[in-house]
Amino acid sequence: MKSGSLRSGVQGRNFYGRVKGKTLKPAQQRYIDEDLSKLQIPRVTVGSNPERAPIDPKDLFGDGRPLWLEVGFGGGEHMVHQAQANPGVGIIGCEPFLNGVAMALGKIRRAGVGNIRLHAGDARDLFDVLPDACLDRAFLLYPDPWPKARHHRRRFVTPEHLRPLARVLAPGAVFRVATDIPDYVRQTLEEVPEAGFECLDHDLHSPWSDWHTTRYEAKALREGRQPHYLTFLRKSHDAA
Ligand SMILES: C[S@@+](CC[C@H](N)C(=O)[O-])C[C@H]1O[C@@H](n2cnc3c(N)ncnc32)[C@H](O)[C@@H]1O
């Protein structure tokens with residue numbers, strides 16, 4: 001996660017700023033909530049649910065539609081593309097970087113999509129309130145690389161994140177990972193199967209016909225780094 005200083009005062013979009021750590025200040029939270037309610041996008045409730053009681057995904061979209069999750073959507077390019085292309089699916093986007101949330105809100109508004117729900121925070125908090133096997137697909141696109149060896153345990157593809165992700169994914173659900181960091185590929189291929197997934201594909205060109213490039217990917221390509229696209233299948237919970 002990025003960190004930096006927060007601009008003070010409500011200055012339109014700038015107010016989202018960058019925050020240190022994961023906790024939003026009350027004023028930031030209010031500002032995001034106001035924008036979400038203007039757009040009629042319910043937040044996925046974690047903060048106002050101190051017991052972390054499971055939420056009913058049907059309450060998020062008002063029906064039993066398939067649910068997909070994008071972890072760390074950045075500026076929201078891919079999330080909004082998927083929402084437009086799949087109006088019958090409900091997409092939960094999760095991102096603690098507030099500039100990203102602000103960018104995504106703009107894209108959601110311009111695209112006029114109504115099938116996205118947002119959690120402006122850490123994916124682990126979201127996993128805590130989702131029931132078992134409720135998701136049909138998950139995307140982890142260019143997770144923070146944490147290149148130094150002593151920081152590898154901070155990567156998303158560790159048991160701490162993958163076990164709860166595996167719990168909320170239904171058997172047969174697809175988990176897509178993209179990264180431009182060769183050592184991240186290695187760790188992903190080791191850790192994800194350990195958490196109850198089967199690797200279906202590892203490609204250097206997107207194997208996904210519905211792929212939409214992300215801001216991070218565009219930068220990686222400009223800088224000459226090679227993307228890797230990995231596809232996993234959630235095994236049945238008994239087989240995990
Ligand atoms: C390298 S950026 C890539 C963003 C976007 N997916 C893209 O490809 O442009 C990784 C993103 O993951 C987010 N992130 C890091 N840890 C996270 C966590 N525990 N839960 C959710 N998002 C997280 C960061 O805030 C950051 O925006």
Side-chain angles (χ1 to χ4, degrees), residues 1-4 6 16-24 28 32 43-44 46-47 52 68-83 91-108 116-130 135 137-148 151-169 175-185 187-188 191-192 195 206 208 210-223 225-230:
M1 192 189 322
K2 301 180 178 76
S3 65
L6 173 72
Y16 284 103
R18 291 180 178 186
V19 283
K20 283 186 181 167
K22 294 169 193 157
T23 314
L24 304 189
Q28 293 174 305
I32 287 182
R43 289 172 58 76
V44 182
V46 177
R52 304 273 163 117
W68 297 358
L69 167 71
E70 184 162 334
V71 174
F73 56 72
E77 302 79 22
H78 176 269
M79 173 178 71
V80 174
H81 164 77
Q82 290 291 354
I91 302 195
I92 302 175
C94 178
E95 175 55 71
F97 178 46
L98 298 186
N99 281 349
V101 176
M103 281 188 266
L105 285 170
K107 291 189 183 82
I108 291 168
I116 293 178
R117 302 291 181 263
L118 293 182
H119 169 57
D122 193 301
R124 284 167 295 184
D125 296 333
L126 180 64
F127 299 150
D128 281 353
V129 298
L130 289 175
L135 301 177
R137 186 169 293 194
F139 305 96
L140 177 68
L141 307 176
Y142 299 100
D144 288 331
W146 294 113
K148 290 183 184 157
H151 292 153
H152 285 183
R153 66 197 159 83
R154 296 186 191 173
R155 287 177 170 171
F156 192 89
V157 291
T158 52
E160 183 196 358
H161 297 92
L162 292 172
R163 286 209 193 104
L165 173 66
R167 180 185 65 77
V168 297
L169 281 170
F175 176 36
R176 295 180 179 178
V177 183
T179 179
D180 57 324
I181 310 293
D183 184 64
Y184 209 109
V185 174
Q187 190 171 339
T188 303
E191 297 284 354
V192 175
S206 167
W208 310 313
D210 56 355
W211 175 240
H212 188 282
T213 196
T214 68
R215 257 161 62 96
Y216 182 97
E217 179 174 79
K219 183 164 181 278
L221 288 169
R222 275 197 307 276
E223 293 173 0
R225 293 193 299 279
Q226 169 68 60
H228 293 250
Y229 305 94
L230 301 138

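The figures here come from the full heavy-atom set of this structure, side chains too, leaving out hydrogens, waters and symmetry mates. Counting convention: from 1, in listed order, for ligands and their atoms alike.
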With a 4.0 Å cut-off on heavy atoms, is P96 touching ligand 1? yes
Would you mind running through ligand 1 and noting each atom that sits below 4.0 Å from a heavy atom of D122? 19 (N), 20 (N)
If you measure every N/O of T214 against every N/O of ligand 1, is any gap under 3.5 Å? yes
Given Y216, which of T179, D144, D180 fulfils the side chain to side chain donor-acceptor pair (under 3.5 Å) condition? D180
Which class fits the ring pair F139 and H78: parallel under 30°, tilted 30 to 60°, perpendicular over 60°? perpendicular
Return the CD to CZ distance between E217 and R225, rounded to the nearest 0.5 Å. 11.0 Å
Any nitrogen or oxygen of E70 lying under 3.5 Å from a nitrogen or oxygen in ligand 1? Just yes or no. no
Backbone or side-chain N or O of G72 under 3.5 Å from ligand 1 N or O: yes
Tightest non-hydrogen contact, residues Y184 and T188, listed as O-OG1, 2.6 Å
Look at E160 together with R124 and state whether they make a salt bridge at an N to O cut-off of under 4.0 Å. yes
Mind listing the closest non-hydrogen atom pair of M79 and A104 along with its distance? CE-CB, 4.0 Å
For E217, is at least one N or O under 3.5 Å away from an N or O on ligand 1? no
At their closest point, which heavy atom of P143 faces which heavy atom of A178, and how far apart are they? CD-O, 3.3 Å
Taking only non-hydrogen atoms of L141 and a 4.0 Å limit, the atoms of ligand 1 in range are 3 (C), 5 (C), 6 (N), 8 (O)
Pairs of nitrogen or oxygen atoms closer than 3.5 Å, one from A123 and one from ligand 1: do any exist? yes
Would you call the rings of W208 and Y229 parallel, tilted or perpendicular if under 30° counts as parallel and over 60° as perpendicular? perpendicular
Is it the case that ligand 1 has an N or O less than 3.5 angstrom from some N or O of E95? yes
By number and element, which atoms of ligand 1 are closer than 4.0 Å to a non-hydrogen atom of R215? 9 (O)
Does ligand 1 come near enough to G121 that some N or O of the ligand is less than 3.5 Å from an N or O of the residue? no
